Amino acid sequence: MALYQENDLRIYNSLTRKKESFEALNAPHLGLYVCGPTVYNDVHLGNCRTFISFDLVYRYLTHLGYKVRYVRNITDAGHLENDADEGEDKISQRARLEKLEPMEIVQKYTLGFHQIMEKFNAHPPTIEPTATGHIVEQIQMIEKILEAGLAYEVNGSVYFDVAKYNQSNDYGKLSGRKIEELISGTRELDAQSEKRNPLDFAIWKKAAPSHIQRWQSPWSEGFPGWHLECSVMSTKYLGPTFDIHGGGMDLKFPHHECEIAQNKASQGSEGVRYWMHGNMLTLNGQRMSKSTGNTLLPLELFTGNTEKLEKGFHPTVVRFFMMQAHYGSQLDFSNEALLAAEKGYHKLMDAWQKLQNAQAGSNGEFSVSEWRQRCYAAMNDDFNSPVLIAHLFEAVRFINSAEGAQLALNAKDLELLRQTFHDFLFDVLGLEEISESQGGEKLDQVMQVLIELRAQARADRDFALSDAIRDKLAAAGVALKDGKDGTTYTLEN
RNA sequence: GGUUCCGUGGCCGAGUGGCUAGGCAGGGCUCUGCAAAAGCUCCCACAGCGGUUCGAAUCCGCUCGGAACCUCCA
């Protein structure tokens, strides 16, 4: 029996605003779509949080035994900065600034994005389609929407007719908006616009003469609307109805709302059964955003090469920090919070080291099977990683309380504890052990020599010598810890 | 202005009606030659004001404060 059959996973569905029991459409197969980045710029930490959140989702679903097809797109077709008819798209703008071809920009920042996600130990999606690789399919979807009478062409551009769609559908159901309120909230439609209604959105845009990325279509030489690619690629790879669609909270409106409308208009079904939204990462209480410049780049964070931090942090520590908050909550980023997370991370990993070397004893108070159930219950409750981590720390306390290497567990329970701890720490949370010694085995051997010499000095009660060894090593960034089973060392990073 | 959400102990952050996570920091104790590490333990909080209830951080109302979205952004 697969794990997913014995676990009642509940997911907060943005569409219904409730936690719902998750039922896969075609178990064990499961379709997951996540909106990926627009690759015109370095990916910032806020972007990363969303992808790390959904990496947790992907990992847990996989752990439960689902065969997940995980699709995450790369937006590599330039889209306009705003709804104005003229203007330069972001990729072209960047290409001009860097004196590169648009596709060089795309390549450069796609590679950079992949490198960063790898550092965070985020699994790549199983399919990573690009918008420019699916122009034909996008044109086909536009044709279907036109056939359905829910779009209109003006001067080579095609717009989705939101008002008409809303006559028989509920535009705004995902984000809780009413079309009347949206209309009253918009500025007057300016005379230049080709749109019949300010809420209408472009699904094909005729390219201005200066626009570099352009494709031939039945309507004009131009480029697809931004919202279209996700509708097209999710249905192409996951089918007209699929399990989970994720993305950042900021994409709920209008992007995801438009996706629903496009799906319904082109195929009659809305496509997505469970909508999940990751919340924003804030910096100094404000959202990180490429356009406002309130950002922190992952590399700045890793190296500490920024005024916002005292020091650098290992990617897995940052990941741990993020895992200590629920994906649906806003998380504020600060130097202090990271320092606290770093210490907690080491405590967790030290316990894992001890657990690996632990030996079985006789059964005590700690019930591994009950504890294990609590770990699953935490994750089943809408991927509640902070509660899972709290449970892991319960196990840490138990592990640390052992006399010597022997735990108060029989061999079978010890193995179950080890296995469960490992599964959640590494497979589900996706944490990694920071390799302690960059010096590798050589350093380890040298350290063993020093530790033995110091142990001898202490046995001889030559504390001046033993303390000198300890102090000088500390000054060199190597901390000695005298435990019950001898001395170990850790390196400061 | 509209829509959504949040306000938890020194800090971060879970928790949707009673059983009051967890991490970091701080106090005490144990261990240790000393220190660190580790363990035990203490600090029992829920923006404010009303209301519902036998009982509320948790439900309702109001006030104050903050965030996201309503224009490209994860």
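Note that the structure is predicted; figures quoted are calculated from it, not measured. These numbers come from the heavy atoms of this one structure, side chains and all, not from hydrogens, waters or symmetry mates. Note on naming: letters A, B, ... go to the chains in the order of the sequence lines (proteins, then strands), and numbering restarts at 1 for each one.
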request  = Take atom NZ of A:Lys481 and atom P of B:rA35, then tell me their distance rounded to the nearest Å.
outcome  =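 Interatomic distance, NZ of A:Lys481 to P of B:rA35: 17 Å.
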ask   = What is the base-pairing partner of B:rG7, counting Watson-Crick and G-U wobble geometry with both distances under 3.5 Å?
value = B:rC64
inquiry  = Taking pairing as Watson-Crick or G-U wobble with both contacts under 3.5 Å, can you name the mate of B:rC43, or confirm there isn't one?
reply    =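 Partner of B:rC43: none.
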Same-atom distance ([atom1]) from [N] to [M], integer angstrom:
| N | M | atom1 | value |
| --- | --- | --- | --- |
| B:rG27 | B:rU8 | P | 25 Å |
| B:rC54 | B:rU41 | C1' | 34 Å |
| B:rC24 | B:rU63 | C1' | 34 Å |
| B:rC62 | B:rG17 | P | 22 Å |
| B:rU58 | B:rC49 | P | 12 Å |
| B:rG61 | B:rG23 | P | 36 Å |
| B:rG22 | B:rG15 | P | 15 Å |
| B:rG48 | B:rG7 | C1' | 11 Å |

Over all strands shown, is [X] touching base, sugar-phosphate only, or nothing at heavy-atom distances under 4.0 angstrom?
| X | answer |
| --- | --- |
| A:Gln286 | sugar-phosphate |
| A:Gly36 | sugar-phosphate |
| A:Phe463 | base |
| A:Ser53 | nothing |
| A:Lys343 | sugar-phosphate |
| A:Lys178 | nothing |
| A:Gly176 | sugar-phosphate |

May I ask you to verify whether the side chain of [X] and the base of [N] hold a donor-acceptor pair under 3.5 Å?
| X | N | answer |
| --- | --- | --- |
| A:Arg470 | B:rA36 | no |
| A:Asp482 | B:rA35 | yes |
| A:Arg461 | B:rG33 | no |

What nucleotide, of [options], holds the atom closest to the side chain of [X]?
| X | options | value |
| --- | --- | --- |
| A:Arg454 | B:rG2, B:rG22, B:rG33 | B:rG33 |
| A:Leu182 | B:rA21, B:rC70, B:rA74 | B:rC70 |
| A:Phe393 | B:rA74, B:rG23, B:rC70 | B:rG23 |

request  = For the pair A:His256 and A:His245, name the ring-plane relationship: parallel under 30°, tilted 30 to 60°, perpendicular over 60°.
outcome  = perpendicular
message = Check for me whether the distance between the ring centres of A:Trp352 and A:Phe426 falls short of 6.0 Å.
response = yes
Distance flag, aromatic centroids of A:Phe54 and A:Tyr70, threshold under 6.0 Å = no
request  = For a side-chain hydrogen bond (donor to acceptor under 3.5 Å, both in side chains) with A:Ser175, tell me which candidate from A:His255, A:His277, A:Glu257 qualifies.
outcome  =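 Single pass found, and it is A:Glu257.
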Is the cationic atom of [X] (NZ for Lys, CZ for Arg) positioned less than 6.0 Å from the six-membered ring centroid of [Y] and within 45 degrees of its normal?
| X | Y | result |
| --- | --- | --- |
| A:Lys347 | A:Tyr345 | no |
| A:Arg177 | A:Phe253 | yes |
| A:Arg72 | A:Tyr33 | no |

message = If you compare every side-chain N and O of A:Arg397 against the phosphate oxygens of B:rA38 (OP1, OP2), does one of them come in below 4.0 Å?
response =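 Looking at the OP1 and OP2 atoms of B:rA38, neither is under 4.0 Å from any side-chain N or O of A:Arg397.
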Side-chain N or O of A:Lys347 closer than 4.0 Å to phosphate OP1/OP2 of B:rG23 = yes
query = Which comes earlier along RNA chain B counting from the 5' end, the contact point of A:His255 or that of A:Lys354, where each point is its nearest nucleotide?
reply =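 By nearest-heavy-atom nucleotide position, the 5'-most residue is A:Lys354.
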ask   = RNA chain B: A:Phe320 or A:Leu480, which has the more 5' nearest nucleotide?
value =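 Final value for this comparison: A:Phe320.
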task = Run through A:Val34, A:Leu238, A:Leu61 and flag the one making a side-chain contact (heavy atoms from CB on, under 4.5 Å) with A:Ile244.
result = A:Leu61
task = State whether A:Arg196 and A:Asp161 are salt-bridged, where the test is any N-O pair (Lys NZ or Arg NE/NH1/NH2 against Asp/Glu carboxylate O) under 4.0 Å.
result = yes
Set out, line by line, the N/O atom pairs under 3.5 Å between protein and nucleotides 6-16 of chain B.
unit_1 : atom_1 : unit_2   : atom_2 : d
B:rG13 : OP1    : A:Asp332 : N      : 3.4
B:rG13 : O2'    : A:Gln324 : O      : 3.3
B:rA14 : OP1    : A:His326 : N      : 2.7
B:rA14 : OP1    : A:Ser329 : OG     : 3.2
B:rA14 : O3'    : A:Asn384 : ND2    : 3.3
B:rG15 : OP1    : A:Asn384 : ND2    : 3.1

